Amino acid sequence: MLRSMLRSSFSSGLGREATLSTTALIRCLDEAGLVGEMWRMIQDMVCGSCLVGPADLSETVRILGNATMVNKAPSIFYQIKGRKCKPNCKHLQLHNPDANTGSALISALGKLGRKDSATRLFDEMTQNGLHPTAKVYTNLMGIYFTLGRVEKALGMVQEMKEKGCAPTVYTHTELIKELGKAQRIKEAYNIFMNVLREGCKPDVVLINNVINLLGKAGRLVDAIKLFEDMESLHCTPNGVTYNTIIKALFECTAPASEASSWFERMKANGMDENGFPPCPAAYCSLINTLGKAKRYEAANELFQKLKENCGSSSARVYAVMIKHFGKCGRLTEAVDLFDEMKKLGCSPDVYAYNALMSGIARAVRIDDTYSLLRTTEENGCVPDLNSHNIILNGLAGTGGPQWAMEMLTKMKNSKIKPDAVSYNTVLHCLSRAGMFEKAAKLMKEMQLNGFEYDRITYSSILEAPGKIDEVRARTTL
DNA sequence: TTAGGGTTAG
């Protein structure tokens, strides 16, 4: 019924009004989640005879870009532009809707991974006399960063300034975040200081980003100083700010008391009222950081708190906790958690299975590991390369070089090919057994298959002989 | 459009 209603509305009018109503209907279909209907409607619009204006085109591309149909957006853009929009383009080019279309399309192309098309479209837009908005510049800058073209990205900021387009807080945030990722911490921090000096008002997201990169670089003092400065910058710290600081404290191996005093401070600021931290992602990150620091009890406490506050947990955080329980030998608790997640209707994914499997393999229960691998498959979860490496490691531990080599051969003949981790695992096992010739041969093979030796490769083969001597020394005593 | 989530080997 809806479809016929839409159809009649579409065919009843001619020209601009009809198109406008079509766009409105497309928007409705999008909001209602009727993706199939929406797509048919758009195709009707494209194939029909009425003119599609830049505003409609812009809106359509935007909807497609935001919906899961991002890959359809460019083709629609070019179809309409080529067939219908052209006659109007000359005088419409300087209109905002066309700039918006280009902006939406650049964003869609970026999401699609078609970065070269995005940059080309940008050039096309500027050559046609369109003035890109700050949003477009920021978007394109992000694209250059992901392409690893840092200087070109920085050039975008320069260019926008020269063209009289003022960078926004989004631009600064993106710029500082990306420079941080590229390990150019000092530069990022200087840019932030310049932003302040130039009188641009930072917001809490920008500051959180700066705190985050300072913490990651081990500049804890600067990170905390910035936190203290927030009040004078008229920014109120939120849950993410506190989490970022606390995470930085853990990563810089600050004393536990210092981290808990920040927890208390956060609670005192009312962050606990609405369920702290504000979202499970923060918990997950903190739990993992605590586990890595071998502070398993603290990790478990936080995990329990997450369940209390959010009612349920995601498979991701379960996998993290299961992994850490397995690592510290608390296998029973790992298994209990695995059962608990199933009972609560949170079906384990390959990460959860791998986490449990590695715990079981660590406890040298290779048969159980195998049976878990089968269960993984039965539950529609496809074991991946990591699952195989976990089994390989278990086999190497219990059955020695022979089992390890057998499994490696099996992997080479199967769909899931061994990677550097697989080779390192077997190399370690061979060296431990004193089979250095075989190890040397395997290293050659590893290199031939395109895997470089890394720190772990060397430590695997070099530490093992030392251990053999230890064993010999003990037995001759 | 902007911050924060998990895999294996030593």
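First the proteins, then the strands, lettered A, B, ... as listed; each starts at 1. Every value quoted in this text rests on a predicted model; they were computed, and no experiment measured them.
Remark: P of B:dG6 and CE of A:M357 are 19 Å apart, rounded to the nearest angstrom. For A:K135 and B:dT2, the NZ to P distance is 10 Å, given to the nearest whole Å. Taking atom CG of residue A:D454 and atom C1' of nucleotide B:dG10, one finds them 10 Å apart after rounding to whole Å. As rounded to whole Å, 15 Å separates atom C1' of B:dT2 from atom CD1 of A:I143. Following rounding to the nearest Å, A:N243 (CG) and B:dA3 (P) show an atom-to-atom distance of 15 Å. Following rounding to the nearest Å, A:L430 (CG) and B:dG10 (P) show an atom-to-atom distance of 14 Å. The CG-C1' distance, from A:L286 to B:dG4, rounds to 9 Å in whole Å. What separates CD1 of A:I322 from C1' of B:dT8 is a distance of 16 Å, to the nearest Å.
Considering only heavy atoms from C-beta on, A:M446 comes within 4.5 Å of A:L427 through its side chain. No side-chain heavy atom of A:M341 sits less than 4.5 Å from a side-chain heavy atom of A:M321. Residues A:E333 and A:Y296 form no side-chain contact, since every pair of their non-hydrogen atoms from C-beta on lies 4.5 Å or further apart.
Using a 4.0 Å heavy-atom cutoff across all strands shown, A:T244 reaches no nucleic acid atom at all. Contacts of A:V317 with the nucleic acid, taken as non-hydrogen atoms under 4.0 Å apart, include base atoms. Among the atoms of the strands shown, base atoms are found under 4.0 Å from some heavy atom of A:T173.
For A:I456, the side-chain atoms get nearest to B:dG10 when compared with the rest of B:dG10, B:dA3, B:dT8. For A:V205, taking side-chain heavy atoms from C-beta onward, the closest of the listed nucleotides B:dA3, B:dG5, B:dA9 is B:dA3. Of the candidates B:dG10, B:dA3, B:dT1, B:dG10 carries the atom nearest the A:R455 side chain, counting heavy atoms from C-beta on. For A:N212, taking side-chain heavy atoms from C-beta onward, the closest of the listed nucleotides B:dT1, B:dG10, B:dG4 is B:dG4. Distances were taken from every side-chain heavy atom of A:S285 (C-beta onward) to each of B:dA9, B:dG5, B:dA3; the shortest belongs to B:dG5.
Residues A:Y351 and A:Y318 keep their aromatic ring centres 6.0 Å or farther apart.
A close approach under 4.0 Å does not occur between any side-chain nitrogen or oxygen of A:R362 and OP1 or OP2 of B:dG10. Proximity of A:K177 to the phosphate of B:dA3: a side-chain N or O atom is located under 4.0 Å from OP1 or OP2.
With no hydrogens or angles considered, a side-chain donor-acceptor pair links A:D384 and A:S387 at under 3.5 Å.
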Checklist entry - Checking side-chain contact (heavy atoms from CB on, under 4.5 Å) for the pair A:M411/A:L385: CA distance, chi angles, key distance, verdict? => result CA-CA 9 Å; A:M411 283 174 76; A:L385 178 56; 3.7 Å; yes
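No donor-acceptor distance shorter than 3.5 angstrom exists from the side chain of A:N449 to the backbone of A:F451, with no hydrogens or angles considered.
In this pair, A:Y458 and A:Y453 present their aromatic rings perpendicular. The plane angle is above 60°, beyond the 30 to 60° band.
Residues of residues 379-414 of chain A having a heavy atom closer than 4.0 Å to DNA chain B, listed by number: A:D384, A:N386, A:N389, A:I390, A:N393.
No donor-acceptor contact under 3.5 Å links the side chain of A:T457 to the base of B:dG10. Side-chain to base pairing of A:N209 with B:dA3: no donor and acceptor N or O lie closer than 3.5 Å to each other.
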